[in-house]
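First the structure, in the form of structure tokens, and then the observations on it.
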Amino acid sequence: MSTETRESWSGKLGFVLAAAGSAIGLGNIWKFPYITGMNGGGAFVLVYLGCILLFGLPLMLCEITIGRKTGKNPYGAFKSLQLKRSRTADVIGVLLMLGAVSLAASGHYGFAVILFAAACLFVWLGFAAVGLISLITAMLILSYYAVVGAWIVDYVYRSFTGGLHFTQVSEAAGAFNHYLDREPGRIAAELIIFMVLTAAMIIFGIRKGIERCSKVLMPLLFFLLLAVIVRGVTLPGAKEGIRFFLNPDFSKLSIAGVLEALGHAFYSLSLGMGITITYGSYLRKDENILSTSLWIVALDTLAALLGGLAIFPAVFAMQLAPDAGPGLIFNVLPATFYRIPGGMGWFWAGLFFLMMTIAALTSAAALLESGVTFIMDQFKVRRVPAVIGTFLGVTLLGFLTCYSTNHWENLPGIEHFVQNVFNVRTGSWFDLLDKLTSNWLLPLMGLLTVIFVGWIWGARKAGRELREGTHGLVDENLITWLSGFRGEPRYMEAANSGLTIMTLWGILIRFVGPVVILAIFIQVITK
Ligand code: PHE
């Protein structure tokens with residue numbers, strides 16, 4: 001499809017809501033609350049906000065800018081922005097090859113082959129490899145994200161049909177494990193339902209599909225969230241939960257916690273996997289990238305904070321203990337809601353899981369759309385066949401997760417293959433995908449994206465694209481602005497130089513970002 005006929009968002013609201021839909025997902029409402037509870041409450045929230053503003057926002061600006069400049073999918077975008085063969089990409093290729101050799105030496109042959117293939121991609125395609133790998137990452141993430149979506153669909157159904165009648169967490173946990181272990185066929189059917197809904201959101205295109213759905217679903221999501229919060233905080237004893245969630249306790253905050261905040265900031269904003277490049281590629285030139293990004297970031301953070309308020313006050317009021325991991329929403333919450341006096345527990349559980357379904361659906365739509373846009377751009381296929389093809393591929397891959405969430409035993413052949421070839425002994429296919437994508441691929445792609453924009457494409461050229469549509473906002477001198485001297489004749493000459501949003505962004509993506517992301521890696525490697 002040529003750029004002239006490429007669709008675009010109808011305006012700022014449509015783009016902001018769609019991108020917020022991509023960002024607001026399971027990460028906000030389920031993961032953020034419990035990592036906050038474990039890492040010192042309010043103290044962690046402050047660190048997280050810092051990470052969002054200092055690293056998340058600049059990377060988001062990079063991704064939207066790359067997308068809008070090129071109007072292409074991530075692979076096509078990186079390819080068209082790199083002018084010539086890149087030495088840096090060759091160096092990255094060599095480094096990856098060294099990594100592959102050391103993995104092979106330690107017996108991780110499977111990972112060694114993957115890393116070797118990635119190295120070849122870099123040498124062959126240059127930075128376009130980043131686009132390609134991030135697309136693969138997005139599809140892998142979707143293949144297990146949609147399975148969690150399927151569980152949530154199941155819990156909506158069970159809430160409204162009276163199937164979640166547990167007063168004890170242990171009972172709820174038993175039922176959940178039974179479901180995961182013994183009912184893979186049911187999960188697979190629900191996966192298909194979830195994926196059909198996801199595909200239905202995007203099959204009508206950007207404006208008539210994603211945008212229209214987001215304009216209805218996002219307000220509904222916030223409404224449901226507020227309803228659940230009101231129920232929770234008005235229960236006697238709810239204050240303890242708010243205290244657990246938000247009271248700052250700096251003694252519980254460790255370096256590992258800080259790095260966790262950073263990694264989660266990228267995940268939560270859907271950065272590092274080409275999605276925001278894809279959504280940005282449908283953005284018109286006259287839209288303000290800076291202010292739209294600030295909106296997306298603000299909505300995403302608000303949803304995370306509201307997610308905590310929807311969960312902890314109720315959990316504490318019902319005298320249950322906050323749990324970590326999947327247990328929090330699938331074990332503790334059913335028991336929490338069921339204990340709410342008045343016999344309406346099923347209703348609140350239903351609303352909660354409905355809200356989670358919406359959050360998961362709009363994120364899944366963004367993931368699927370990045371695959372679809374890639375196929376449409378690169379192979380000149382129309383939308384409908386592209387959606388069907390991507391849908392089938394991801395759903396089939398998702399079946400692997402359905403059959404092996406808790407245990408490998410359901411997939412003996414694959415279990416054997418993975419354990420011998422990859423030399424990984426723990427967990428399941430689900431764990432393997434989650435660790436590989438969230439811990440390794442996302443930060444790696446984020447790192448390469450900031451390096452690309454800061455050094456290869458170049459902050460100067462990228463900045464020109466970023467500036468378009470911002471009405472000079474990015475060039476305001478921050479010092480005169482913040483200190484209230486804006487417009488003062490004495491400072492007029494200096495107004496466009498010195499510390500502006502633009503120059504601050506340049507520094508963050510060229511130096512601070514790469515160093516800090518490397519720190520996350522070292523933490524992950526040495527863990
Ligand atoms: N940002 C989403 C969340 O917070 C997760 C996600 C990651 C969605 C990557 C799309 C792509 O849950």
Side-chain angles (χ1 to χ4, degrees), residues 16-36 48 51-52 56-57 59-60 63-64 67 74 133-149 151-152 194-195 198 201-202 210 214 217-218 221 225 260-280 293 296-308 311 325-326 328-329 355-374 390 394 398 433-446 449:
V16 168
L17 288 181
S22 135
I24 299 172
L26 305 174
N28 301 61
I29 294 162
W30 161 53
K31 187 160 179 212
F32 179 79
Y34 79 74
I35 54 178
T36 302
Y48 177 76
C51 291
I52 288 273
L57 183 62
L59 178 55
M60 176 175 284
E63 292 203 6
I64 299 181
I133 297 174
S134 48
L135 279 165
I136 297 173
T137 309
M139 295 305 105
L140 289 176
I141 292 185
L142 181 55
S143 82
Y144 75 84
Y145 200 84
V147 174
V148 183
W151 304 344
I152 294 171
F194 184 85
M195 285 300 297
T198 307
M201 276 187 70
I202 71 172
I210 304 179
S214 307
L217 293 178
M218 295 316 286
L221 183 144
L225 203 46
E260 178 147 26
L262 194 55
H264 187 67
F266 289 159
Y267 182 82
S268 184
L269 292 173
S270 299
L271 299 171
M273 61 199 96
I275 290 188
T276 311
I277 298 182
T278 303
Y279 272 19
S293 301
I296 299 165
V297 164
L299 287 174
D300 184 65
T301 311
L302 180 66
L305 293 173
L306 293 179
I311 294 176
L328 180 61
I329 61 170
M355 184 266 300
M356 292 289 284
T357 309
I358 295 175
L361 262 183
T362 48
S363 298
L367 287 161
L368 193 64
E369 176 61 35
S370 54
V372 168
T373 297
F374 169 73
T390 329
V394 171
L433 278 186
D434 182 31
K435 297 249 159 52
L436 182 70
T437 53
S438 322
N439 294 355
W440 294 92
L441 290 166
L442 288 195
L444 182 64
M445 294 300 118
T449 306

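Every number for a ligand or one of its atoms is a count from 1 in the order of the listing.
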Proximity of [X] to ligand 1 by residue part, where a heavy atom lies under 4.0 Å:
X	answer
Ile275	side chain
Ser22	backbone
Met273	side chain
Tyr145	side chain

Nearest-0.5 Å distance, OG of residue Ser22 to CG of residue Leu367 = 7.0 Å
[Y] backbone acceptor or donor facing [X] side chain under 3.5 Å:
X	Y	answer
Tyr279	Glu369	no
Glu63	Gly272	yes
Ser143	Leu140	yes
Ser268	His264	no
Thr362	Ala359	yes

Polar atom proximity, [X] to ligand 1 (N or O, under 3.5 Å):
X	value
Leu26	yes
Ile24	no
Ala23	yes
Ser363	no

message = Please list, in number order, the atoms of ligand 1 under 4.0 Å from a heavy atom of Ser268.
response =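 Going through ligand 1 atom by atom, the ones under 4.0 Å from Ser268 are 1 (N), 4 (O).
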ask   = Looking at Asn28, which atoms of ligand 1 are within less than 4.0 Å of one of its heavy atoms?
value = 3 (C), 4 (O)
Top protein contact for atom 12 (O) of ligand 1, by heavy-atom distance = Gly27 N, 2.7 Å
inquiry  = Could you identify the single nearest non-hydrogen protein atom to atom 6 (C) of ligand 1 and state the distance to 0.1 Å?
reply    = Ser270 OG, 3.8 Å
ask   = Should Ser363 and Ile24 count as side-chain neighbours, where that means a heavy-atom distance under 4.5 Å?
value =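 No; the side chains remain at least 4.5 Å from each other.
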ask   = How far apart are the closest heavy atoms of Ala20 and Leu299, and which atoms are they?
value = CB-CD1, 3.9 Å
